[in-house]
Amino acid sequence: MELEHGVSVMRQARLRNFGIVLAAAAMALAMVGCAPAEEVPVVPELTSGEESALTTAALDEHWAAILAEFPNAVRPVVDKIRFVTLDEWPTVSAKCRTDEGFPASGEGGGVSQHVPEGQEEATEIATYRCAAKYPVDPRFTVALNDSQMSFLYKYFLDTLTPCLEDEGYEIAQAPSFQSFSSSFGTADGWTPYSDVMSTVEDWEELNAKCPQDPERLYG
C-alpha cells in the first residue's frame with residue numbers, strides 16, 4: 001500500500017509538472033500569437049503589358065542618349081533574355097558586355113569599363129544590347145508608393161543610420177518624412193549614405209554590412 005501510495009504521489013507530481021509545462025507552452029504560443037507581424041510594404045503588381053511598356057520606354061530613352069552622341073548609329077534588334085534585379089545587374093551587365101567583346105567588371109553597385117579609343121560608338125551599342133537582353137525588372141524602376149516610401153524611411157532611421165554610425169561614420173539628422181518623400185530620387189534627396197559616399201574606402205564591404213535598401217522593399 002505504501003508503494004502504491006508512493007507511485008500515486010509521484011504520478012500526481014508528474015501530472016502537476018506536465019500541467020505547468022503545458023501552461024508555459026500555451027503562454028509562449030499566446031505571446032507568439034500576439035507578437036506584431038513584421039511590417040512589409042504594399043507593393044503594386046505590374047501587368048505584363050505594363051512591364052513591357054516600361055521596359056520599352058527605358059530602352060527608348062537609352063537609345064535616344066546614344067543617338068544624341070552618335071546620330072548615325074543603327075539601333076540593333078535584341079531579344080530579351082530575362083529581367084534582372086538591381087543587385088544582380090552589375091554582374092550580369094558586366095559579363096554581357098565582356099561577352100560582346102568589351103571587357104567590363106561589376107563593382108560598387110555599378111559597372112566599370114575601359115573604352116578603347118575609336119570604339120566609343122561600338123561600346124555604347126554593346127551596352128545597349130546588354131540592357132535590352134537583361135533589362136532591370138520594372139518593379140525596381142517605377143516610383144515608390146506611399147507604403148514603400150514609409151518602409152524605406154523607417155529603415156533609414158532605425159537600421160541603416162545606426163549601422164553606419166557603428167562603422168564610425170557621422171550621419172546628419174534626418175529630414176522630416178514629408179521632406180524625404182518629396183525630394184526622394186532627386187539631387188537633393190536624402191539617404192544616410194549621403195554623408196559617407198566621399199569617404200568610403202571599401203564600398204562593397206560597407207554595403208554588405210549596411211545594405212542601402214531594406215529587404216522586401218520591392219516585395
Side-chain angles (χ1 to χ4, degrees), residues 37-41 43 55 58 62 65 81-116 123-124 126-145 147-177 179-219:
E38 180 185 4
E39 180 185 353
V40 294
V43 181
T55 300
H62 188 160
I81 295 177
R82 68 178 178 87
F83 284 129
V84 296
T85 66
L86 289 175
D87 287 339
E88 65 179 339
W89 174 80
T91 302
V92 173
S93 182
K95 183 179 184 308
C96 177
R97 297 185 202 189
T98 300
D99 292 343
E100 288 279 334
F102 299 89
S105 60
E107 54 188 33
V111 177
S112 176
Q113 183 172 21
H114 171 69
V115 180
T123 301
E124 288 296 337
T127 300
Y128 171 84
R129 287 176 56 83
C130 290
K133 286 181 180 179
Y134 302 100
V136 174
D137 192 319
R139 67 193 172 99
F140 295 107
T141 61
V142 295
L144 299 181
N145 61 27
S147 176
Q148 290 172 300
M149 196 69 73
S150 177
F151 184 73
L152 180 62
Y153 183 71
K154 187 175 187 302
Y155 171 77
F156 280 176
L157 265 59
D158 299 344
T159 303
L160 183 53
T161 292
C163 181
L164 292 173
E165 289 176 337
D166 287 344
E167 293 299 315
Y169 296 98
E170 185 175 345
I171 308 301
Q173 182 175 355
S176 66
F177 175 73
S179 177
F180 165 76
S181 59
S182 63
S183 63
F184 183 77
T186 70
D188 297 324
W190 175 82
T191 162
Y193 264 97
S194 300
D195 297 311
V196 305
M197 286 182 178
S198 62
T199 59
V200 176
E201 294 183 0
D202 193 331
W203 184 261
E204 292 187 1
E205 181 179 352
L206 184 61
N207 269 262
K209 291 180 179 178
C210 307
Q212 295 184 60
D213 295 324
E215 293 184 7
R216 308 187 71 176
L217 177 61
Y218 299 98

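In this text, all values refer to a predicted model and were calculated from it rather than measured experimentally.
- Rounded to the nearest 0.5 angstrom, Asp87 CG and Gln212 CD are separated by 9.5 Å.
- The SG atom of Cys210 sits 4.5 Å away from atom CG of Leu164, with the distance rounded to the nearest 0.5 Å.
- The residues Glu100 and Lys95 are annotated as not salt-bridged, no charged nitrogen and carboxylate oxygen being separated by less than 4.0 angstrom.
- Proximity of Glu167 to Val196: side-chain heavy atoms (C-beta onward) are nowhere separated by under 4.5 Å.
- Arg97 and Cys130 get closest at one heavy-atom pair: N-SG, 3.4 Å.
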Under the side-chain contact (heavy atoms from CB on, under 4.5 Å) rule, what do Thr191 and Phe184 come out as? Steps first, then yes or no, please.
CA-CA 9 Å; Thr191 162; Phe184 183 77; over 6 Å; no

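- Val115 has its side chain out of reach of Phe102: every pair of non-hydrogen atoms, C-beta onward, lies at least 4.5 Å apart.
- With contacts defined as side-chain heavy-atom distances shorter than 4.5 Å, the pair Phe83/Pro135 qualifies.
- Here OH of Tyr218 is found 8.5 Å from OG1 of Thr141. Values are rounded to the nearest 0.5 Å.
- The nearest pair of heavy atoms linking Ser147 to Pro41 is OG-CA, 3.2 Å.
- Shown are Asp137, Thr91, Val92; of these, the side chain to side chain contact (heavy atoms under 4.5 Å, CB included) with Val84 is made only by Val92.
- Pro214 is listed as a side-chain neighbour of Phe151, based on a closest heavy-atom distance under 4.5 Å.
- Between Phe180 and Trp190, the two ring planes are perpendicular [angle over 60°; tilted spans 30° to 60°].
- Considering all non-hydrogen atoms of both residues, Leu217 and Val43 come closest at O-CG2, 3.7 Å.
- Across every non-hydrogen atom of Pro162 and Leu157, the tightest pair is CD-O, 3.4 Å.
- At least one side-chain heavy atom of Cys96 sits under 4.5 Å from a side-chain heavy atom of Lys133.
- Between the side chain of Asp195 and the backbone N or O of Ala172 there is at least one donor-acceptor pair closer than 3.5 Å.
- The structure places CZ of Phe177 at 5.0 Å from OG of Ser150, a figure rounded to the nearest 0.5 Å.
- When every heavy atom of Pro211 is checked against every heavy atom of Tyr155, the shortest pair comes out as O-OH, 2.5 Å.
- Here the closest non-hydrogen pair linking Pro90 and Gly110 is CB-O, 3.4 Å.
- A salt bridge links Arg82 and Glu88; the closest N-O separation between the charged side-chain nitrogens and carboxylate oxygens is under 4.0 Å.
- Between the NZ atom in Lys209 and the SG atom in Cys163 there is a gap of 8.5 Å [rounded to 0.5 Å].
- Interatomic distance, Thr85 OG1 to Arg139 CZ, rounded to the nearest 0.5 Å: 8.0 Å.
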